[in-house]
2 protein chains.
Amino acid sequence: MRSADLPEVRAIHLFQSMEEETFDSIVKAAYFQTFPDHVDLIEEGGPADFLYVVVEGCVELYAKANGRETTMAMVSPVGTFILAAVLKDAAYLMSARTCQRSRILMIPSEDIRAAVEKDKAFSAAIIWELASCYRAVVKEHKSLKLRTAVERLANRLLRYHNDQGGNGTLSLPYDKRTLASLLGMAPENLSRAFNTLKPYGVAVDGSKVRLDDLQALQTLAKPNSLIDDRSM
Amino acid sequence: MRSADLPEVRAIHLFQSMEEETFDSIVKAAYFQTFPDHVDLIEEGGPADFLYVVVEGCVELYAKANGRETTMAMVSPVGTFILAAVLKDAAYLMSARTCQRSRILMIPSEDIRAAVEKDKAFSAAIIWELASCYRAVVKEHKSLKLRTAVERLANRLLRYHNDQGGNGTLSLPYDKRTLASLLGMAPENLSRAFNTLKPYGVAVDGSKVRLDDLQALQTLAKPNSLIDDRSM
DNA sequence: CATTCCACTTGATAAATATCAAGTGGCAAT
DNA sequence: ATTGCCACTTGATATTTATCAAGTGGAATG
């Protein structure tokens, strides 16, 4: 890695508190790579050779079984993926592909495992990250088991709305096909779900959404901090 | 905690490799408690006061939203629950109740967090446990998104069959109501799913199940190690 | 400008799943 | 034994969701 890139890596939360020596061991064989969109990065079942950090762009985690495929999560900057597989030195459970031109930091997984052994501050950061990832999946799982498709969409819109400033408008961060899969529904049903939300003040124009009746939408969505709150 | 109980705690995988000093700090305020079945242990949204370890019996993790309730996971010995909430000092995402008379080890969460800070071997064990829990939820989530109800049941039967020796019979570890909720279906549909599996050699009698045509059941279930394999 | 492509939408239908309402059968208490 | 209870099953039906088959419209291409 070029020394010019080092400060950028150091600024990533996961690597902020580690000792200098550990940091050196991590960046030694690590490198940045920029990928065009729709490029496959890893395939489920493969060995966990690297830990990936999305620095710019966006990465989709997806999985297949039988003949079906589903989006498991979207990773935006600065997020990691397949951390658990790296730590356990186990096969990836999910595949990953870019959904935008993306700048990705790749760190050999042996270096990560060695650093975790050595550096208390780093292992504390790893624990925090892992616990956060765990809770994020639990929330997704709750959402899928406890809500209908329309409710999942409504809550997702409220979340994006909140993330984007809460000024009555939002833009969908991914194409609708991907959003549908992420929310666990067929693309056709996402269209219909948007129609169902029309009476609740949801106006869709391409990737732009206007929320004209937050009150009504919230009444329908019944947001729940133990499912929707990303910060806990 | 009585000193007679200490060896039993030391034998738990999570606590095996830690230093003696850390172990003392962990067991200092920890205690065993035995609960009858169907006792509520924690409620989602509550503060993470303790880390729980199921030593004997069985605990159901469940969650509610709107007016619905679903079983998220079953914890059998020796398993922990709400580790992530303890480490982040955050609210529980799930409730827990015994589903059998159960012996539970309870450790104050501050002691866990302090021990993680101090003890490398313990933090390594925590990381392993967390990563395993994460991957278990991801697998559950994949199962729910990629499989039909009948497929989920078929694969679950194959798993229990395997766990229990693979001699053509198995016994359902929980009542059918709970199993249905765990698999993400209504109790009535579990009954029907068992009927659907009858032509594939699945014979149910109460909680006893006979698998008379493994080949056929596997063809239907299409088990996938990246979903069904607990050991990776 | 016309064409093609692709994402998305809409309609019709099918499949999966849930709900409601009776059952059935085993088991424990009296 | 009788009773009541409870878990589970079964049937009928409703709801939700998926699938298949045309559309539509916008953006890029030539």
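Residue numbers begin at 1 in each chain, while the letters A, B, ... track the order of the sequences.
- Formation of a donor-acceptor pair under 3.5 Å by the A:D175 side chain with backbone atoms of A:T178 is found in this model.
- The NE2 atom of B:H38 sits 12 Å away from the C1' atom of D:dC6 (whole-angstrom rounding).
- Closest-nucleotide positions on DNA chain D for A:A149 and B:D175 were compared, and the one nearer the 5' end corresponds to B:D175.
- Straight-line distance from the NZ atom of A:K208 to the P atom of C:dA7: 19 Å, rounded to whole Å.
- Of the inter-residue distances, the one linking A:M94 atom CE with A:M72 atom CE reads 5.5 Å to the nearest 0.5 angstrom.
- One atom, CG of B:L144, and another, P of D:dT17, lie 12 Å apart when rounded to the nearest Å.
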Between the protein and nucleotides 26-28 of chain D, list every N/O to N/O distance that falls short of 3.5 Å.
none

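- Proximity of a side-chain donor or acceptor of A:S102 to a complementary backbone N or O of A:C58 within less than 3.5 Å is detected.
- At distances below 3.5 Å, at least one donor-acceptor pair connects side-chain atoms of B:R152 with backbone N or O atoms of B:L183.
- Contact of the B:Y160 side chain with the B:L179 side chain is registered, since non-hydrogen atoms from C-beta on lie closer than 4.5 Å.
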Response to the item:
Scoring nucleotides 9-15 of chain D by protein non-hydrogen atoms under 4.0 Å (B base, S sugar-phosphate only, - none) yields SBBB---
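- Of all the heavy atoms in A:H161 and A:G168, the pair that sits closest is NE2-N, 2.8 Å.
- Side-chain atoms of B:K142 come within 3.5 Å of backbone atoms of A:L93 as a donor-acceptor pair (strictly under, hydrogens ignored).
- In this structure, CG of A:N66 is placed 17 Å from C1' of D:dT19, rounded to the nearest angstrom.
- Rounded to an integer number of Å, the gap from A:D205 CG to D:dG25 P is 13 Å.
- For the helix from C:dC1-D:dG30 to C:dT30-D:dA1, the angle separating the two terminal helix axes comes to 30°, with each axis derived from five pairs and the value rounded to 10°.
- Between the CZ atom of A:R68 and the P atom of D:dT17 there is a distance of 17 Å, given to the nearest Å.
- Between A:F81 and A:Y52, the ring planes are parallel. Angles under 30° get that label, and only those over 60° would be called perpendicular.
- With hydrogens and angles ignored, the 3.5 Å screen pairs a side-chain donor or acceptor of A:D228 with a backbone N or O of A:N224.
- In this structure, B:M185 atom CE and C:dA18 atom P are separated by 8 Å, rounded to whole Å.
- Considering only side-chain atoms of B:A186, the nucleotide from C:dT17, C:dT19, D:dC8 that sits closest is C:dT19.
- Summarising the geometry, the separation between NZ on A:K145 and C1' on D:dT16 is reported as 18 Å, rounded to the nearest angstrom.
- Checked against B:V54 for a side-chain contact (heavy atoms from CB on, under 4.5 Å), the options B:T98, B:V59, B:L41 give a single hit: B:V59.
- Of the possible polar contacts, one joining the B:K145 side chain to the A:S181 backbone as a donor-acceptor pair under 3.5 Å is found.
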